[in-house]
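A, B, ... follow the sequence lines: proteins, then strands. Residue 1 opens every chain. No experiment lies behind these values; they were computed from the predicted model shown.
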Amino acid sequence: MPAELSDSEKIGIRLYVTCGAPNSIMAVNNLDSIIKGLRDRCNLEIVDILKDPLRALADGILVTPTLIKYQPPPPISLIGNLSEKEKVVDLLGLGEYQR
Amino acid sequence: MDTGDVPARIAKAPTHIIGFDEITNGGIPRGRTTLVIGGPGSGKTIFALQTLVNGASNLGEPGIFVAFEERSKSIIANASTFGWNIPDLVDKKLFFLDARMDHDVVASGNFDILGLLTSIKAKADEMGAKRIVFDSIDVLLNLFNDPLIERKELYRIYDWFCQTGLTGLLTVRIEVDSLVDQRYGFLQFMADCVVLLHHRLVDRMSTRGLRVLKYRGSSFAENESPLVIGPRGIEISCIRMSEIEYQVSTERVSTGIVRLDSMLNGGYFRGSSVLVTGMPGTAKSTLCGSFINESIRRGESALYVSFDESSNEMVRNLSSVNICLEPYIRSGLLRMYSARTESRSAEEHLMNMRRLIEEHRPKCMVVDPLSALVKSGGQASALAVSQKLIHLAKTRGITLVCSSLLSGGETGIENSEIKVSTIADTWIHLSYVVQGGERNRALTIVKSRGMEHSNQVRELILTDNGVTLTDVYTAGGEVLMGSLRWEKEESEKRENSRIKAQIEQKQRDLELAEAEIISTIDGLSKDLENNRVERIRLAEEERERNASLIKRRTELQELRSADSNSKSNKEGTED
């Protein structure tokens, strides 16, 4: 196991949710299972729009849940409850680590 | 479904869009959802934005514009032509949210718009916004790509408006004319108020219209009203014909033609509307020009709207009958306006005229010819516009003279392209009478409400000195005009003088005869006199003769024997 990665080397993921809404609950759970075992490689932030609505506005979030991978570039946006796990893994570039 | 607290009476949020608040009796439902449905180019976005801008700048109701379709920058740029000063309002009173979904966004599983609604609510609370526009909602719903979820999310929006008390305006891109089969047909059932915007071609002219399809808990004008996107945004010409309430006047306004004034018993009523019909060349414009000329000579401001003929031509042509408008145009008392009818829809022309009326505030107005409006949007719209124009003029107390071209056919029957004769107060008909190889102009007053008027046909004569009317010659049930009238008048004159001469001759003859008789009487009385004298002379003679006879007898007796008188007398008697 290598030494702890610096923030810039990690995969930056931000998930915008509306806490309590079914799709958001599912998204949090799905993301959890996707990055299981890769926690130390990921820099995950979950933003609850109910708590910080103006931030979502500033970030241009339209629907929830929205997942944004902002690092490494290019940034990728994903919307939905992340039920298609393989698609999410591919898009976030997590495949190589999972194998 | 939670509909929130239903107030006793539906609260309304005025849009301050000209005409719309009249149609809906006050605006869109406050704290509810209003759908604005229309095809491309029907003015949905403008309608929504205008409602928002008016709310923010006039009514102290800040708003949020959520742009799903266009970039907010381009929306602001597009709207800058209307002079709404959006940049001044932005941030404090108006907030534009760019909500265009990135094309690269990948969807994985279901999602909802709870987050968006939450954010908007937070922003609305922050800036005190009351009105929210979603433009256009179908772009947002398209994201879901599933009719069931679309419907669910839409009800979420609907409920959200009810709960938050925000006034929602959702635009939907649907061709209005094919609503039934539409995917978003259910939208109409959900919303509290549905506004349909039409944009279609009528007689190759683009015409727009607005119709309120439903309005829960409120009455509204149900018919389609013409909508115009003008220089200041959307205007809807809504005239509620049910409210006919004018200031009426019994003051008379001169027609500019003395004889016509007397035919009308003094002129047109002030604030009335006059229709002048006639075939091409029957001097309709001249009649209009005379009226305008008289009005400006009285010092009243006037507006002359001509269609398909330039103002300069109009002025030149009128100068041929001694109507000189030029100086008044320069002094600003008279405003000439000419437009090509095909260039705009009839409604737009009406809007222009309304603007001119507001700017110039005329007392007298001419529209020449009103029938030209048929060319810009068809009969129905021209009639509607004419009615509105008359209504407009009446509400402002403007005396309006409109000409209308007749398209041939029987004279005397209005074969007009616009059937406005029923709504005009005074109807003057000009026609040609062809007789003896001439065309002459005849003027008739077909009707004139509320005033005595002559029922006679008059001949209209245009001269270098102006316009006059003259009596026509009616003889043997025939109306004579022009040179036939002249001939008839001349022959009548000749006949008159002939009879006069005859009488004079006869008189002279009689005088002579009388003189003769008198002289005869003189001669006879002289004879009578002579006769009398003769008789007297004869009587005298006789007396003298008798006297001399006695004298001689006495002398004789004396000579015979001087006897006593008695003896001699005795003897004498014995002889």
Taking side chain as C-beta onward, heavy atoms only, is [X] less than 4.5 Å from [Y]?
X: B:Met101; Y: A:Val63; answer: yes
X: B:Leu116; Y: A:Ile61; answer: no
X: B:Phe95; Y: A:Leu57; answer: yes

Checking heavy atoms, do the side chain of [X], its backbone, both or neither come under 4.5 Å from chain B?
X: A:Ile68; result: neither
X: A:Leu62; result: both
X: A:Thr18; result: side chain

Proximity breakdown for B:Glu153 and chain A, heavy-atom pairs closer than 4.5 Å: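 For B:Glu153, no heavy atom lies under 4.5 Å from chain A.
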
Portion of B:Ile113 that has a non-hydrogen atom of chain A nearer than 4.5 angstrom: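 Backbone plus side chain of B:Ile113, per the 4.5 Å heavy-atom cut-off to chain A.
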
Ignoring hydrogens, what is the shortest heavy-atom contact between [X] and [Y]? Give both atom names and the distance.
X: A:Ala21; Y: B:Asp112; value: CB-OD2, 4.3 Å
X: B:Thr118; Y: A:Pro53; value: O-CB, 3.8 Å
X: B:Ser119; Y: A:Ile49; value: OG-CG2, 3.7 Å

B:Arg216 atom CZ: more than 12 heavy-atom contacts under 6.0 Å: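 More than 12 within 6.0 Å, yes.
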
If you count heavy atoms of other groups shown closer than 6.0 angstrom to NZ of A:Lys69, is the number above 12?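 It does: A:Lys69 NZ has more than 12 such atoms within range.
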
Who wins among B:Asn110, B:Leu140, B:Leu114 for the most heavy-atom pairs under 4.5 Å with chain A?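 When all of B:Asn110, B:Leu140, B:Leu114 are compared, B:Asn110 has the most.
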
How many angstroms lie between OG1 in A:Thr64 and CG in B:Leu117, if you round to the nearest 0.5 Å?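 Answer rounded to 0.5 Å: 8.5 Å.
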
Check: A:Lys87 side chain, B:Ala107 main-chain N or O, donor-acceptor pair, under 3.5 Å: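 At least one qualifying donor-acceptor pair exists.
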
Among A:Ile79, A:Asn30, A:Val88, which one satisfies side-chain contact (heavy atoms from CB on, under 4.5 Å) with B:Ser108?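 When A:Ile79, A:Asn30, A:Val88 are each tested with B:Ser108, the side-chain contact (heavy atoms from CB on, under 4.5 Å) holds only for A:Val88.
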
